[in-house]
Amino acid sequence: MNTLVRAAALAALASGLYAPPLPSPISLMPLPKEVTVGIGSLPITGAFAVAVSGPGAQDARVQKAVPRLVARMARQTGIPMPAVAPVSEKDAALEIVVAEMGHDGVQKLGDNERYSLTVADSHIKLAADTPLGVLRGMETLLQLVRQTPNAPGVAAGFSVPNVVIQDEPRFPWRGLSFDVSRHFMPVDVVKRELDGLAAVKLNVLHWHLSDDEGFRVESKKFPKLQELGSDGMFYTQDEVRDVLAYAADRGIRVVPEFDMPGHSSSFLAAYPELGSGPGPFPVVHNHEEEPSLAMDPTKESTYEFLDGFIEEMTALFPDEYFHVGGDEVSPKKWLGTPHIRAFMEEHKMANAAALQAYFSKRVLEIVTKHGKHMVGWDEILNRDLPKTAVIQSWRGQQSLWSAAKDGYQGILSAGYYLDLSYSSSYHYSIDPMKAPASPDGGPVGKGLPPGSPADLTADQAKLILGGEGATWEELASVEMIDARLWPRLAAIAERLWSPESDTDVASMYQRLQVTSEWLEWLGMNHRSNLVLMRQRLAGPYPRHPLDVLASLVEPTKGYSRHAQKYGIFSPLNRLSFAIPYESDTAREFRNGVDEYLADKRNGTELQKNLADWEQAARDVRPMLTNQSVLTENLPVADGVEKLCQVGAEALRYLSGPTKPPVDWKKTAKAKIDPFVGKRFGDLLIQIGPGVRKLVEAAPGS
Ligand code: ACM
């Protein structure tokens, strides 16, 4: 083993990519718990033999993961790696030691994921307690592979830097809540996203399988669910089992969700007798349509149906946890129905929340009878609910802490909603164990019980299991689903895996950039598909100026895009769908402006940016004028042009001896303010705030 340069390496890792004199850049995401980087590296060759030993060596996940690893290594390096005969541990390039077999059967919450990875000049050793740890360590190893930097005496090729890594996750539940009801996501898409989850060490796919817009699993007992409750797109049970096996091989649990008693129009379309009023009930196609009545919580027949349904689905999905939704039940319909009001009076229920509490308790009994723990959104939280329920906090972080204080396990999704179009740094700042530093982003639940992480005892804090990124697919189809998830989900993955102290945003963005490219390499199409979508918009015009314009804007934040315009059959082909949720260019410009105002060194670069963008805003005009779907974006081009002109003027006044005319600042602001923080259709021009900062800083009153 070579000399280790731990302190320098850790400092460099924390600040992002390595700089000389370290041997080469490495970029890991999520950051491991402990990393020590050495000098030197292990060259990757075509004879990449792997030896596996220890009691866990025969585990099917390990057995399947080894050839997958070699295939990925071959692809990452472009070096053919023909199968080699088994070699001894000491002759193998990679030695894997699995200390335990782990328990039988399905992966459980809290299964040990710890591993250690040691790379020395001639040998890689991956040691883990369990097969699951091996899977996590393999992902780290693959992230370490890079082209060998040039140095005297070093052969050209690919290598893994010498490192010692000790790693384990901070939280045991790290997932993605994935809505396939609003827009159906076929099996190949789900598998691709599972590859992505595994790559960033997420371990739960929470599969939102039913909602007002569609029921997405074949039920053999209640076939009208898929026949009448969907648009014909659903997973057969064989397909479900195929996905479950694929996930299990990658160390990912699959928790199904069937949303009830609200968000249940697809159930009611199939079985109207479940509704709390007379049917028939349509499946919902447009968001302005009133969802149908919730299920009727007063009828015994509702629970008889759910018993049969849950029996079938708990047998299909092997995970110990079963999600029953419970969110956003409109009290209006229940309270307006005479027999339901009578039931409430008879049972002394003061309000609809009490009725929902009764429903949740009855459903929990059914879920428990079928051997599972019930999970629900935070609306199910109430004093009567048995402590075996798991609360998923979405309306505000306080529900997580308040649930833990009351003795419930919880998972956090408030602050991790990927469909709200917030930045990676926002999601990265949200920590299940910390009150948010700034109150500006994310939903804060009205009417939720107060809660604070500071109130929790050590035992209560342990009830917080982790979190899930969440996405709702009203406005995401197969074509842009990857851009909805990636790369921002990787920032959430790091928050949930890595130590609490890893909070360096600049480092996160540097590594996220590398991770984003790597995810694309693994098959995610979050960048390439957006390019194709912009090509469709550009048609016969050269695409470049549209790409430049697209790089300066972001979709509007929150749910403002949903209003009126879209239903599940609406075309999702406008520019706002063909751009990333976060503009890297705008963020770098904002940072560039801050740097410039601090030391004035990068003025030429900023001038060049503004000149290039202004040119693109002019060049894109014929395309916007003639391509009908794009024409609504002419004001965006106006805005970019104006912002660039004014920004360039401000930079000239800031950097040169010339003083601006007396009322220049006022005029400049009047020119740009119509474009700063204003929405243009579904878009925001994100270079606006940076330009305004330059104007503010320029000389003059
Ligand atoms: C939710 O976003 N309605 C859970």
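Remember, it's 1-based here, ligands and their atoms both numbered in the order they're listed.
Close contacts of ligand 1 with Trp472, meaning ligand atoms under 4.0 Å from a residue heavy atom, involve 1 (C), 2 (O), 4 (C). Under a 4.0 Å criterion applied to the non-hydrogen atoms of Asp327, ligand 1 contributes the atoms 1 (C), 3 (N), 4 (C).
Relative orientation of the Phe267 and Phe215 rings is perpendicular, given thresholds of 30° and 60° on the angle between their planes.
Arg587 has a carboxylate O that lies under 4.0 Å from a charged side-chain N of Asp584, or vice versa, which qualifies the two as a salt bridge. A salt bridge is defined here as a Lys NZ or Arg NE, NH1 or NH2 lying under 4.0 Å from an Asp or Glu carboxylate O, and Lys221 with Glu312 fails to meet this definition.
In this structure, Glu328 CD and Arg395 CZ are separated by 9.0 Å, a value rounded to the nearest 0.5 Å.
Checked against a 3.5 angstrom limit, the closest N/O atoms of Tyr417 and ligand 1 fall inside it. Considering backbone and side-chain atoms together, Trp394 places no N or O closer than 3.5 Å to any N or O of ligand 1.
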